[in-house]
Amino acid sequence: MLTDKKSKELMDEIVGLCKRKGFVFQSSEIYGGYNGFFDYGPLGAELKKNIKDAWWQDMVQRRDDVVGIDSSIIMNPSIWKASGHVDGFTDPMIDCKESKMRYRADHLFFAEVRIAGEMLGVVSLIESPEMLDEAKKKAEKLKRKLAIKGDLDEIVLICAVDATPEQYEQIPSPATGKAGTLTPPREFNMMFDTHVGAVRNDASKAYLRPETAQGIFANFKNVTDTSRLKLPFGIAQIGKAFRNEITPRNFIFRSREFEQMEIEYFIHEDSDWKTIHADWIKTRREWFTSIGLTSEFLGEEVHPSESLAHYARACTDITFKFPFGEQELEGIAARGNFDLTQHQEKSGKGLEIFDEASKSKLLPHVIEPSLGVDRTFLALICSAYTKDEIDGELRTLLKLHPRIAPVKAAIFPLVKKNENILQISNDLYKKLQRHLNVVTDLSGAIGRRYRRMDEIGTPFCITVDFESLEDNTVTIRDRDTTDQKRINLEEVLPFLLGKVNG
RNA sequence: GCGGGCAUAGUUUAGGGGUAAAACCCCAGUCUUCCAAACUGGUGUCGGCGGUUCGAUUCCGCCUGCCCGCACCA
């Protein structure tokens, strides 16, 4: 593992490269920026598109059991009430005025300490698997301090969000042990809201979606009615999502506007969901390595059962070791049929489907592989970023997989004073351009042109030289090895297509 | 939200109450028959707003953004 200083330097270099070469810009930069938002430049837009295309090809086109949709970002606000986001997508926060510590209200627990009903005081602690034992210890300590005899009543832990106002005043700060220093919980919904229509009032309030998943659930009936799907099947979607994050951090890793790629994979309620869940984890991990993520940087984190949402049975994150730490790339949750149940109930529309195999009507359960495009983007750049030495000269390169590299090949005339070389080069460029994102570059020494391409991750450089005039061959140079071989002009396109699609 | 630091060209940095600089990059040209050659020329900069001042990029205040730590992270 890199030292903090080294990893910070590395991250700075990567952010610098992204800016310098036109991958990622800070949003609204000419107005001083805008915290938590980013813009993708010419190369970034290509790379991002390639990630999404690869995912769509592998998860939708090349599978018989998955179809795609593209739902609107602003939907009937009832959807977000049914899904629980209006009430639940909050992080109520409590500050300790004295210690300046901040707690999430739903992570803060307290217990009243009593002996035979007589109140001795209140203890508080932060949620953990051992918190009941800790509470008992704190209660015993309180008893000794007050020099009171007798057996303690049973300790009952209560979450701070469930405290009555009278109880709340009694809760001591976990940091100082003193009561009265905690601010009331401040509600904070992470959904951005807006208004639809000419009138701005409570009735016109709408939300920017915080996840793409609900667009899938809300269209469940439309899709199953029109697509002749049989269980198990998946519905996939790529799209923007918005969350009013308190602290956007780590470049594009946590931003307020981001893009998700989600699949809701519907399964029979009696099926072996553990196996299907495990299969998806494997499928998704293999996909990450197939597009060039360094497999040693990938990890898995299984959510402990006590921290799962009440409707989820299991959730495993696929993580990536970024320079700033190991962080979630994709969450693969087994969610039961909570969402469909909610939408069926709140909309009043029957959403059950008939399963031929079991001859039963049911609301299927769901496995949800959900990942961030932007996080994948960053993980790919981090995986690809390399520095090496060519004949004593330091070079920077991005070892991006040809499938996702923004530019697939560069076509160079070795010299720009020879009309015939220019002609062949330009003809080849125009021909390749019809199939692939390619560039041409006539300026400067050939070595400089190679290095320019290395730095943006272009996997192949094709040079038209004097020999090309004799035998219709060109050199093709490999980015990672810098090795060159001669191939016939006619073979260039099939070669590149093979590398890009393979 | 809190505490600390920072903000000069595309990048890395120098400078200083009185006409703002270097290197690299980029562009054009000379040269050049395969890995950032050389030479010539060129574009481009003090985050924003306000205050002090004859004059502010420099001093002060506020704002915005970035970094580190705390906290937070469906």
Side-chain angles (χ1 to χ4, degrees), chain A residues 4-5 8 11-13 15-22 25-37 41 83-85 88-97 99-107 126 175 183 186 188 190-191 210-211 213-214 241 243-251 253-254 260 303 307-309 311-312 315 317 324-325 327-328 331 333 335 368 370 372 389-397 412-418 421 443-455 461-469 474-477 479 482-484 486:
Chain A
D4 285 355
K5 187 163 176 283
K8 187 183 175 306
M11 200 55 209
D12 284 347
E13 284 175 23
V15 173
L17 177 77
C18 284
K19 164 99 198 271
R20 206 170 62 244
K21 292 296 174 183
F25 306 121
Q26 190 182 20
S27 170
S28 319
E29 200 184 67
I30 61 169
Y31 286 99
Y34 204 36
N35 194 3
F37 297 92
S83 69
H85 286 82
F89 200 59
T90 56
D91 289 326
M93 228 84 68
I94 296 171
D95 286 310
C96 170
K97 284 180 278 198
S99 67
K100 301 292 179 200
M101 297 291 271
R102 167 172 287 186
Y103 307 98
R104 262 182 68 174
D106 55 331
H107 286 181
I126 295 156
T183 62
R186 285 178 301 128
F188 175 77
M190 306 238 307
M191 282 195 292
E211 62 171 25
Q214 295 306 324
R243 289 178 195 175
N244 195 5
E245 295 285 354
I246 304 159
T247 314
R249 273 282 162 98
N250 292 327
F251 196 39
F253 180 81
R254 174 170 291 109
Q260 288 187 302
H303 287 218
S307 72
L308 291 172
Y311 49 80
C315 184
D317 288 344
F324 48 80
Q327 302 277 349
E328 175 191 346
R335 292 180 64 137
E368 179 196 77
S370 164
E389 221 179 274
I390 300 296
D391 297 332
E393 295 275 1
L394 207 63
R395 87 173 165 154
T396 302
L397 69 158
F412 302 144
L414 184 60
V415 295
K416 62 177 168 182
K417 284 288 172 63
N418 185 300
I421 286 178
S443 81
I446 192 79
R448 172 178 292 271
R449 286 180 267 168
Y450 287 146
R451 300 298 172 83
R452 270 204 278 256
M453 288 298 121
D454 292 339
E455 208 175 1
C461 290
I462 296 146
T463 302
V464 180
D465 58 13
F466 288 90
E467 205 176 321
S468 308
L469 303 176
V474 291
T475 64
I476 187 155
R477 167 194 182 264
R479 173 196 63 206
T482 76
D483 290 342
Q484 287 180 297
R486 296 202 75 87

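All of these numbers come straight from a predicted model, not from anything done at the bench. Below, chain A is the first sequence line, B the second, and so on; all start at residue 1.
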Mind checking the C1' distance from B/A20 to B/U8? Whole angstroms is fine. 9 Å

Between A/Gln26 and A/Lys19, who's closer to the 5' end of RNA chain B by nearest nucleotide? A/Lys19

Distance, P atom - from B/C39 to B/A23, rounded to whole angstrom: 11 Å

Using atom P in both nucleotides, what's the gap between B/C6 and B/C24 to the nearest angstrom? 29 Å

Should we count CG of A/Asp391 as having more than 12 external heavy atoms under 6.0 Å? no

note: A/Arg243, atom CZ; B/C72, atom P; distance rounded to Å ~ 18 Å

Euclidean distance, atom CD of residue A/Glu13 to atom C1' of B/C67 [Å, nearest integer]: 16 Å

Where each residue is assigned the nucleotide of RNA chain B containing its nearest heavy atom, which of A/Gln327 and A/Gly33 is assigned the position nearer the 5′ end? A/Gly33

When the distance from CD of A/Glu245 to C1' of B/A74 is rounded to whole Å, what number comes out? 9 Å

Can you tell me if OH on A/Tyr34 sees more than 12 non-hydrogen neighbours from other groups inside 6.0 Å? no

Please evaluate residues A/Phe251 and A/Phe324 with respect to the criterion ring-ring contact (aromatic ring centres under 6.0 Å, His included), reporting the C-alpha separation (whole Å), side-chain torsions for both, the decisive distance (0.1 Å), and the verdict. CA-CA 10 Å; A/Phe251 196 39; A/Phe324 48 80; 9.2 Å; no

Reckon A/Asn35 has a side-chain N or O less than 4.0 Å from the OP1 or OP2 of B/C66? yes

With Watson-Crick and G-U wobble geometry limited to distances under 3.5 Å, how should the secondary structure of RNA chain B be encoded in dot-bracket form, using | for bases paired to another strand and [ ] for crossing pairs? (((((((..((((....[..)))).(((((.......)))))....(((((..]....))))))))))))....

Nearest-Å distance for atom pair CG/C1', residues A/Leu17 and B/G10: 12 Å

Shortest non-hydrogen contact between A/Ala241 and A/Gln260, atoms and distance: CB-OE1, 3.7 Å

Find the distance A/Asn250:CG to B/C67:P and express it as a whole number of Å. 8 Å

B/S/- contact track for nucleotides 20-37 of chain B, protein heavy atom under 4.0 Å: -----SSS-SSS-BBBBS

Find the distance A/Tyr31:OH to B/G47:C1' and express it as a whole number of Å. 13 Å

With the side chain counted from C-beta on, respond yes when A/Ile390 and A/Asp454 share a heavy-atom pair under 4.5 Å apart, and no when they do not. no

Determine the Euclidean distance between corresponding C1' atoms of B/G18 and B/G42; express it in Å to zero decimal places. 29 Å

Please confirm whether the shortest side-chain N or O distance from A/Lys8 to OP1 or OP2 of B/C67 is below 4.0 Å. no

Roughly how far apart, to the nearest Å, are B/C54 and B/G17 at atom C1'? 12 Å

Presence of salt bridge, A/Arg451 and A/Glu393, under 4.0 angstrom: no

Quick one: A/His303 NE2 to B/A74 C1', roughly how many Å, whole number? 9 Å

For residues A/Ser443 and A/Arg452, report the shortest heavy-atom separation together with the two atoms involved. O-NH2, 2.9 Å

Given the P atoms of B/C70 and B/U13, what is the spacing between them in whole Å? 25 Å

For A/Arg249 and B/C2, give me the distance from atom CZ to atom P, rounded to whole Å. 13 Å

Reported CG-to-CG distance for the pair A/Leu397 and A/Leu17, which is rounded to 0.5 angstrom: 10.5 Å

Looking at A/Pro210 and A/His85, what are the two nearest heavy atoms and their distance? CG-CD2, 3.7 Å

Separation of the C1' atoms in B/A56 and B/G47, to the nearest angstrom: 16 Å

Roughly how far apart, to the nearest Å, are B/U40 and B/C49 at atom C1'? 43 Å

Closest non-hydrogen atom pair, A/Arg479 against A/Arg395: O-NH1, 3.0 Å

